[in-house]
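For reference, the structure discussed in these notes is given below.
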Amino acid sequence: MTKQQSLNEKWDVQLRKGTLELVILAALKERTLYGLELLKLLHSFETMKITEGTLYPLMDRLKRDELVNAFWRQEGDSRPRKYYQLTQQGLIKLEALTNRWRQSVEDIEHLIQNSNPQTTHPKGE
Amino acid sequence: MPDRELIHQYLKNLSKYLSRLDKSDAQEVIREIESHILDALEIQENSGRLSDPQEILDGFGEPRELANQYVEHLLKGTPPPIGFKAIQNVKKGATNTLYYSMGFLGFGISVLLITIGLAKLFMPGEIGVWSAAQGNSIMITFSEHVYPDSAELLGYWLSPIAIGLGVGIAQLTKSVLRVLKQSIQ
């Protein structure tokens, strides 16, 4: 693994710690998914490769917090699977976290864009 | 180890560590994880690869660590009100003391019983359970001067009984300590 790859991985881990709940709630917006489907969806993004051991206990907590509900369903000949979907409370939390996330991105972006020492004045001034 | 056996063993271990959850909650966790593993195994097989259950299990991590994440909220409980944090430390200290006292007491009794059981084999005349002459008390002695007119109970049966009890108490102590350790971590 190159130094850059290692740095990227550490960064992804740190960022995920704070954003995982938002990621899961966003992934379930208008979708009803079972664990493996949800995991595959997340793995399709470069920065969201979480493990099974992270996902399932988190889903259990979100369910306990009533942000998602879960139910077992069997389709055709397949084995029964536990599906998750957002609750009304989950949707409200998703909106609140989304706003906060956008605010953070905007703030960080502002700092990055205004790196010139002559523009040290705080945002909005 | 065959695939199914490996998975079965993993789920069995996980189930053991989830024993602090309600039975139905623990069963639901196991059922969901089993369903995931079997689905993932099928995907591996359908993609023409050699099935590798260990790779899937690695994603879940060690059963104990996985279970800890499920029972974390039980271990943490409700946080104390502001200003009451010191109580947590006292509670933790008490639990540590309890842990070591429990270990000392449990293993102490166990060692004593096993020693009595073994000693009976080598010094049968001096060690035994005796019923006093009046018949209203029982003594376990470790002496060559046994009370006069007392009748020995059990005889050589004392050996297996004492050793069995000793081993049983050691096992019980070990289980209790394991549970205590989880709550002081």
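Chain identifiers are assigned alphabetically (A, B, ...) following the order of the sequence lines, protein sequences preceding nucleic acid strands; residue numbering begins at 1 within each chain.
The most heavy-atom pairs under 4.5 Å with chain A, out of B/A40, B/G59, B/A67, B/G61, come from B/G59. Interface remark: of the candidates A/L39, A/L36, A/I50, A/L36 forms the most heavy-atom pairs closer than 4.5 Å to chain B. Put simply, of B/E62, B/Q69, B/E65, the one with the most heavy-atom pairs under 4.5 Å next to chain A is B/Q69.
Neither the backbone nor the side chain of A/R61 comes within less than 4.5 Å of any heavy atom of chain B. Using a 4.5 Å cut-off between heavy atoms, A/L58 makes no contact with chain B at all.
Counting only heavy atoms from C-beta outward, the side chains of A/M59 and A/L38 approach each other to under 4.5 Å. Side-chain contact between A/K29 and A/L25: absent, with no pair of heavy atoms (C-beta onward) separated by less than 4.5 Å. Annotation: side chain of A/L94 is not in contact with side chain of A/L67 (no heavy-atom distance under 4.5 Å). Side chains of A/W101 and A/V105 form a contact here, defined as non-hydrogen atoms less than 4.5 Å apart. Two residues are said to be in side-chain contact when any heavy atoms from C-beta on lie closer than 4.5 Å; B/D52 and B/I56 fail this criterion. Put simply, the side chain of B/Y10 reaches to within 4.5 Å of the side chain of B/L66, judged on heavy atoms.
For the residue pair B/D58/B/Q54, the side-chain donor-acceptor check at 3.5 Å is satisfied. No side-chain donor-acceptor contact under 3.5 Å links A/N99 and A/E95. Checked by atom type, the side-chain pair A/Q4/A/N8 shows a donor-acceptor distance below 3.5 Å.
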*Could you walk me through whether A/W11 and A/L7 pass side-chain contact (heavy atoms from CB on, under 4.5 Å), step by step?*
CA-CA 6 Å; A/W11 168 256; A/L7 187 77; 5.7 Å; no

May I have the step-by-step check of side-chain contact (heavy atoms from CB on, under 4.5 Å) for B/Y70 and B/Y17, ending in yes or no? CA-CA 10 Å; B/Y70 279 102; B/Y17 291 119; over 6 Å; no

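Taking a cutoff of 4.0 Å between a charged side-chain nitrogen and a carboxylate oxygen, A/D12 and A/R16 do not qualify as a salt bridge.
Contacts with chain B (heavy atom to heavy atom, under 4.5 Å) involve these residues of residues 72-88 of chain A, listed by number: A/W72, A/R79, A/P80, A/R81, A/K82, A/Y84. Residues of residues 25-38 of chain B lying within less than 4.5 angstrom of chain A, judged on heavy atoms, are B/E28, B/R31, B/E32, B/S35, B/H36, B/L38 in numerical order.
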